Amino acid sequence: MEAETGIAETSAGEGAPDSEGRRDLLDLSRTDLDAWVEAQGERPFRARQIWSWAYHHLVSDFASMTNLPAGVRQALVSEFTLGSTQVEATSTDTDGNRKQVLRLSDGETVEAVVMEEPYGSTVCVSSQVGCALGCAMCATGRAGFVRDLTTGEIVHQVVDAARTLAPRGRRVTNVVFMGMGEPLLNYEAVLQAIANLTEPAGLAINPQHITVSTIGLPERIVALAGEPYAVRLAVSLHGADDETRAVLVPYARQVSLERLLAACRTYARVRGTRITFEYVMAAGVNDSPDHARRLVSLIGGIPSHVNLIPLNPVTGCDLSSSSLAVMERFREPLTKARIPVTIRFSRGVDIGAGCGQLRGARSGPPPERGGAPRRYPRRGRES
Ligand code: SAH
Ligand code: SF4
């Protein structure tokens, strides 16, 4: 697929075999597994059993797949690993949001956040180590790009979360691609991960409960609209005109809002769903009533929902968040135009792991947050 950003892309998806020549089973699609089972001379239902052990019963080794013939288990052990990442550290904040730091096979780390709510559990996953897009307020972007994650590395974040939830009778109901990286720049691996997560014999996550958050690559958004998985789309706008947006998002100098919004219209029409527009509120940059009115004319007519997000402080970035009063004033023209708005308090902030602010492995310990501004509500407030 052709890059839209001018940023070099690697072709991820499947990871390289380990030192013993074993591949990651979580990289495989259901079709790949069917083909492997057939090549072993086994009956097709064995593929369903293996998938179910890995993704439904969430076992962490092949020996636990007790209804498989010993020979199949042995072949699995010699050809595959069951996930290639290790949970290195886990921390929990006062709201019970849990951050998992995962060590990848090449020593890099990524982070995922598990948020438990009464209605279910959401996992915020990373799609890349670092990010090439360099948004001003983003800790991941400031650390630069290292590499794409493989399908298995993305899937493993959800499988690990599901393993921690299962003993309490809970399951993963929602997945948001709002961790480290730009998912649409790792398109093939992200798409295969979505396929694996939604597969009925395994985690069976409803595609409509999966949200892909993107800085907004128009051609990829249109491509995603044509894929077999009706996932939700969140677009990080952060500005209602190209110039203002470029203060936070340098990529805005390459792709105009006009092109981006045309792609959003297509996505909303093809899928028949609302687009979520994320709007990080930066004091004195994009938060005036005039900016709010421009936002109304920009997105008016697109079925949408706007999330106003306080900018969380990041080391090395001198932007600060708008106050709650400014955010409430900003909300007014949107509400008048009947655009649903939520003033969102980013979850996971206590542990330095607010979605989208996960910090690259190379950039040291979690940023000094100076505490998340407590004057904001702990949960989204919808008008
Ligand atoms: N690359 C994708 C997904 C990861 S970022 C994207 O940009 O959409 C997920 C969200 O976190 C984005 O909306 C991003 O703008 C937001 N974010 C990044 N840094 C932030 C910060 N310091 N404070 C609040 N939100 C931030
Ligand atoms: Fe990348 Fe998203 Fe961070 Fe921008 S906000 S640098 S696109 S991860």
Side-chain angles (χ1 to χ4, degrees), residues 5 7 9-10 12 15 84-91 97-115 122-161 175-190 193-194 197 210-217 234-236 238 248-251 278 280 309 311-317 346-349 351-367 369:
T5 55
I7 293 162
E9 288 184 70
T10 54
S84 63
T85 66
Q86 305 288 333
V87 179
E88 185 168 273
T90 303
S91 47
N97 301 314
R98 206 166 45 252
K99 179 174 74 169
Q100 317 224 109
V101 179
L102 299 156
R103 172 81 52 191
L104 311 178
S105 53
D106 59 359
E108 297 291 346
T109 57
V110 288
E111 299 172 0
V113 182
V114 188
M115 294 160 283
T122 300
V123 191
C124 173
V125 294
S126 296
S127 56
Q128 298 180 312
V129 183
C131 181
L133 290 167
C135 298
M137 71 301 177
C138 176
T140 305
R142 298 184 76 85
F145 176 71
V146 180
R147 71 166 172 88
D148 284 327
L149 294 189
T150 63
T151 295
E153 287 167 341
I154 297 170
V155 165
H156 206 173
Q157 297 170 57
V158 183
V159 168
D160 271 327
V175 173
V176 294
F177 283 85
M178 291 186 184
M180 293 163 67
E182 169 49 49
L184 296 189
L185 279 178
N186 188 13
Y187 191 87
E188 307 298 338
V190 165
I194 291 169
L197 297 174
I210 297 180
T211 301
V212 173
S213 176
T214 175
I215 207 66
L217 285 73
V235 175
S236 297
H238 313 330
L248 296 176
V249 180
Y251 174 61
E278 309 278 343
V280 167
I309 307 164
L311 186 147
N312 275 303
V314 163
T315 309
C317 167
S346 306
R347 294 174 291 184
V349 286
I351 47 176
C355 280
Q357 299 140 71
L358 303 180
R359 207 166 154 80
R362 299 178 311 159
S363 49
R369 313 204 64 81

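Keep in mind that this is a model prediction, so the values were computed, not measured.
The two atoms that bring Gly134 and Pro250 nearest to each other are O-CG, 3.3 Å, heavy atoms only. Counting all heavy atoms, side chain and backbone alike, Glu108 lies closest to Val146 at OE2-CG1, 3.3 Å. The two residues Val212 and Pro183 make their nearest non-hydrogen contact at CG1-CG, 3.9 Å. Between Ala234 and Met178, the closest heavy-atom pair is CB-CE, 4.2 Å. For Cys135 against Ile215, the heavy-atom pair with the smallest separation is SG-CD1, 3.7 Å. Across every non-hydrogen atom of Ala161 and Val114, the tightest pair is CB-CG2, 3.6 Å.
For Glu153, the salt bridge (charged side-chain N to carboxylate O under 4.0 Å, His left out) partners at least two apart in sequence or on another chain are Arg147. With sequence neighbours excluded, no residue satisfies side chain to side chain donor-acceptor pair (under 3.5 Å) with Ser213. The side chain to side chain donor-acceptor pair (under 3.5 Å) search around Gln86 returns none, not counting sequence neighbours. Ala136 pairs by the side chain to side chain contact (heavy atoms under 4.5 Å, CB included) definition with Leu319, not counting sequence neighbours. Remark: Thr214 pairs with Glu182, Leu184, Leu217, Ile221, Leu233, Val235 by the side chain to side chain contact (heavy atoms under 4.5 Å, CB included) rule, at least two apart or across chains. Under the rule for a side chain to side chain donor-acceptor pair (under 3.5 Å), Gln157 has no partner lying at least two apart in sequence or in another chain. For Glu278, the side chain to side chain donor-acceptor pair (under 3.5 Å) test picks out Arg344, with sequence neighbours left out.
Atom OG of residue Ser126 and atom CG of residue Asn186 lie 11.5 Å apart, to the nearest 0.5 angstrom. With values rounded to the nearest 0.5 angstrom, Met180 atom CE is found 11.0 Å from Cys124 atom SG. A distance of 9.5 Å separates OG1 in Thr122 from CG in Asn97, rounded to the nearest 0.5 Å. Atom OG of residue Ser236 and atom CG of residue Leu248 lie 10.5 Å apart, to the nearest 0.5 angstrom. Rounding to the nearest 0.5 Å places CG of Leu104 at 8.0 Å from OG1 of Thr150. The CD atom of Glu111 sits 10.0 Å away from the CD atom of Glu88 when rounded to the nearest 0.5 Å.
Put simply, the side chain of His156 does not reach to within 4.5 Å of the side chain of Leu102, judged on heavy atoms.
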Please determine whether side-chain contact (heavy atoms from CB on, under 4.5 Å) holds for the pair Val110 and Thr85, giving the CA-CA distance in whole Å, both sets of side-chain angles, and the decisive distance to 0.1 Å. CA-CA 10 Å; Val110 288; Thr85 66; over 6 Å; no

